[in-house]
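Below is one structure, written out as structure tokens; comments come after it.
Numbered from 1 within each chain, the chains take letters A, B, ... in sequence-line order. These numbers come from a predicted model, not from an experiment.
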2 protein chains.
Amino acid sequence: MQQSMATTTQPATPGTDAPLLDRLRRLVVSGTALPGELLAETALAEEFAVSRTPIREALKQLEREGLVEIRPRVGTFVRKPTRKEIFELFELKESLEGLAASLLARRGDVPELRSLAHNVENEREAVRAGDRTAYATLVHDFHRTLVTGADNRKLGEHYELLMNQLAYHRIVTQTLSLPGRLDASMDEHRQILLAIQSKDPLFAELTTRRHISRTRESATIAAFAESDDA
Amino acid sequence: MQQSMATTTQPATPGTDAPLLDRLRRLVVSGTALPGELLAETALAEEFAVSRTPIREALKQLEREGLVEIRPRVGTFVRKPTRKEIFELFELKESLEGLAASLLARRGDVPELRSLAHNVENEREAVRAGDRTAYATLVHDFHRTLVTGADNRKLGEHYELLMNQLAYHRIVTQTLSLPGRLDASMDEHRQILLAIQSKDPLFAELTTRRHISRTRESATIAAFAESDDA
DNA sequence: CCATGCTCTGTTGCATACATCAACTGTAAT
DNA sequence: ATTACAGTTGATGTATGCAACAGAGCATGG
């Protein structure tokens, strides 16, 4: 009856199954699993060396996050947002980032503001060097820092949910490759930074919203060029 | 792939077996299960006449929705939002409803607009009759119609997520019982309606946001009066 | 009297077994 | 050749068993 055994290293992961959910999510948002692809529970269970049960639980969560679609008695498929959904998500994005900018401007001097300034500097450098991939990463960081700096955890959660759903769209449509979009984007980021630094919440919000609106337009154009069904 | 979802009942219910998940969620948002209460899988399984497995899956989803907290190896507990979270949620609410009003104003003449007008009429009646509970329901309907009328499904999903987290707070703090808040609330709804009818998106948005902002203030006051720990 | 370690119960975490049903395939009839 | 249909296959949906762990309660020693 001794329960002092501590030698069993085989079962593993006695705590939370966060890594599993995260890895599954990454599979989808990274584009490793393409839209329409079947995510078979058995295969995933074997691949991740666990039983079907935790896989099922994770898949249900991904469904709730809008990343996959579970067709009962059939299977789980990677979801591809429709054109309308992408449009809706951008409308939401505009609103949420506008809120973030407003809150950040209201907060005043916080470390995230310095991060933003630094980021814009790096963007200028990347543009000068013509490094598109580096710039793409910086854009991602810029928006992420913006939202983080708002110091509103709930906003952050909703924003992440939203961005995960847009992940595939972002991967496919390289909006930054549109002519002139690169410089324009950088300039708009600079304007956002200035607006926030001026500590005018409304001005910061409107500037940010205009930027997202333009981004959306470019994204829509790029999506048209790709001519997916959806 | 022409087979789309068959629209279960609620926009935020993309799932497969909606009934169980919905009933469990209702258990939490309705206040039947109080914050801090343990939701034991075995007990729930027996109560709903199913096995533990589907219960577990549903509970995990509720955790993702922020309604319960799963402490590994201990149990699932009904979550009580902290004061800061409630504040954050109201900030989000203001932004989302502002967006909804803006979109609705842009859409122009749609059936939801008539619903809103009708709702305001009923509110006036309820206020005249002094029926607080009826008015509370109408308020709920008003905001719900506002968001529905925006014709943005993603917005609707995020909004419902948000409102579910605020459900308990709404139940506990009867903000409408504050002196004069009832009449003020009705008047603000009327102003929102007028702004939307004027088809001026920005005006509609600002009017709505001001209303939510005032609601938040009242809610905060009421929350203080209740002096919960959180 | 208090601190500390042990036991014991209750609950979750995961694995596995079985039931059920969708999709496919091969055959036969038109 | 095309369509209808029934058998087969393989997946999911659910139930249940076992093990691990957290926390309460108790006994014991200081």
Side-chain angles (χ1 to χ4, degrees), chain A residues 1-25 27-28 33-34 36-65 67-79, chain B residues 1-6 8 13-25 27-28 33-65 67-79:
Chain A
M1 305 303 182
Q2 306 283 352
Q3 77 284 11
S4 61
M5 49 177 55
T7 57
T8 60
T9 51
Q10 200 248 354
T13 56
T16 69
D17 55 325
L20 179 64
L21 176 60
D22 282 343
R23 278 200 289 175
L24 269 175
R25 187 188 292 113
L27 210 65
V28 176
L34 273 64
E37 191 172 325
L38 168 67
L39 298 178
E41 296 176 359
T42 311
L44 291 174
E46 187 174 353
E47 180 178 345
F48 290 98
V50 292
S51 140
R52 275 181 50 216
T53 309
I55 295 285
R56 275 184 64 78
E57 291 172 355
L59 288 181
K60 281 231 165 188
Q61 292 215 53
L62 293 187
E63 183 195 31
R64 184 59 194 83
E65 297 179 22
L67 297 179
V68 303
E69 176 186 0
I70 298 180
R71 287 163 60 184
R73 295 285 178 187
V74 177
T76 305
F77 300 86
V78 179
R79 201 154 142 39
Chain B
M1 56 208 313
Q2 76 296 350
Q3 184 132 345
S4 64
M5 56 202 67
T8 55
T13 320
T16 58
D17 53 328
L20 181 63
L21 175 60
D22 279 345
R23 278 201 288 177
L24 268 174
R25 187 187 293 114
L27 210 66
V28 175
L34 273 64
E37 189 171 326
L38 168 66
L39 298 177
E41 295 177 359
T42 311
L44 292 174
E46 187 173 354
E47 180 177 345
F48 289 97
V50 292
S51 138
R52 274 181 51 216
T53 309
I55 296 285
R56 275 184 65 77
E57 291 171 354
L59 288 180
K60 280 232 165 186
Q61 292 212 54
L62 293 187
E63 182 195 31
R64 187 65 192 82
E65 296 180 21
L67 296 179
V68 303
E69 175 187 0
I70 299 180
R71 287 162 59 185
R73 302 282 178 186
V74 177
T76 304
F77 301 86
V78 179
R79 200 155 143 42

Could you check which of dA23(C), dT12(D), dA15(C) has an atom nearest any side-chain atom of Ala40(A)?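 Selected nucleotide (nearest to the side chain): dT12(D).
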
With respect to the side chain of Val74(A), which nucleotide from dT12(C), dT12(D), dA23(C) is positioned closest? dA23(C)

Report yes if a side-chain nitrogen or oxygen of Ser51(B) is closer than 4.0 Å to either non-bridging phosphate oxygen (OP1 or OP2) of dT14(D); otherwise report no. no

Distance below 4.0 Å between Arg56(A) side-chain N/O and dT16(C) OP1 or OP2: no

Just how far, in rounded Å, is [atom2] of [N] from [atom1] of [X]?
| X | N | atom1 | atom2 | value |
| --- | --- | --- | --- | --- |
| Phe77(A) | dA11(D) | CZ | C1' | 10 Å |
| Ile70(B) | dC21(D) | CD1 | C1' | 16 Å |
| Arg73(B) | dG10(C) | CZ | P | 18 Å |
| Glu37(A) | dA11(D) | CD | P | 15 Å |
| Lys60(B) | dG13(C) | NZ | P | 6 Å |
| Glu41(A) | dC14(C) | CD | P | 15 Å |
| Phe48(B) | dG13(D) | CZ | P | 20 Å |
| Leu38(A) | dA22(C) | CG | C1' | 13 Å |

How would you label the contact of Ile55(B) with the nucleic acid (heavy atoms, under 4.0 Å): base, sugar-phosphate, or nothing?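 It contacts nothing in the nucleic acid.
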
How is Arg52(A) classified with respect to the nucleic acid when contacts are heavy atoms under 4.0 Å: base, sugar-phosphate, or nothing? base

Can you give me the closest heavy-atom contact between Ala33(B) and Leu39(B), atom names plus distance?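 It is CB-CD2, 4.2 Å.
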
Residues two or more places apart in sequence or in another chain: which of them pass salt bridge (charged side-chain N to carboxylate O under 4.0 Å, His left out) with Glu41(B)? Arg52(B), Arg56(B)

Is a side-chain N or O of Glu37(B) found less than 3.5 angstrom from the main chain of Leu34(B), in a donor-acceptor match? yes

Interatomic spacing from CG in Leu62(B) to CD1 in Ile70(B) - rounded to 0.5 Å: 8.5 Å

Could you check whether Arg23(A) makes a cation-pi contact with Phe48(A), meaning its NZ or CZ is under 6.0 Å from the centre of the six-membered ring and within 45° of the ring axis? no

5' precedence on DNA chain D between Gly75(A) and Thr53(A) (nearest-nucleotide basis):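 Counting from the 5' end, the first nearest nucleotide belongs to Gly75(A).
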
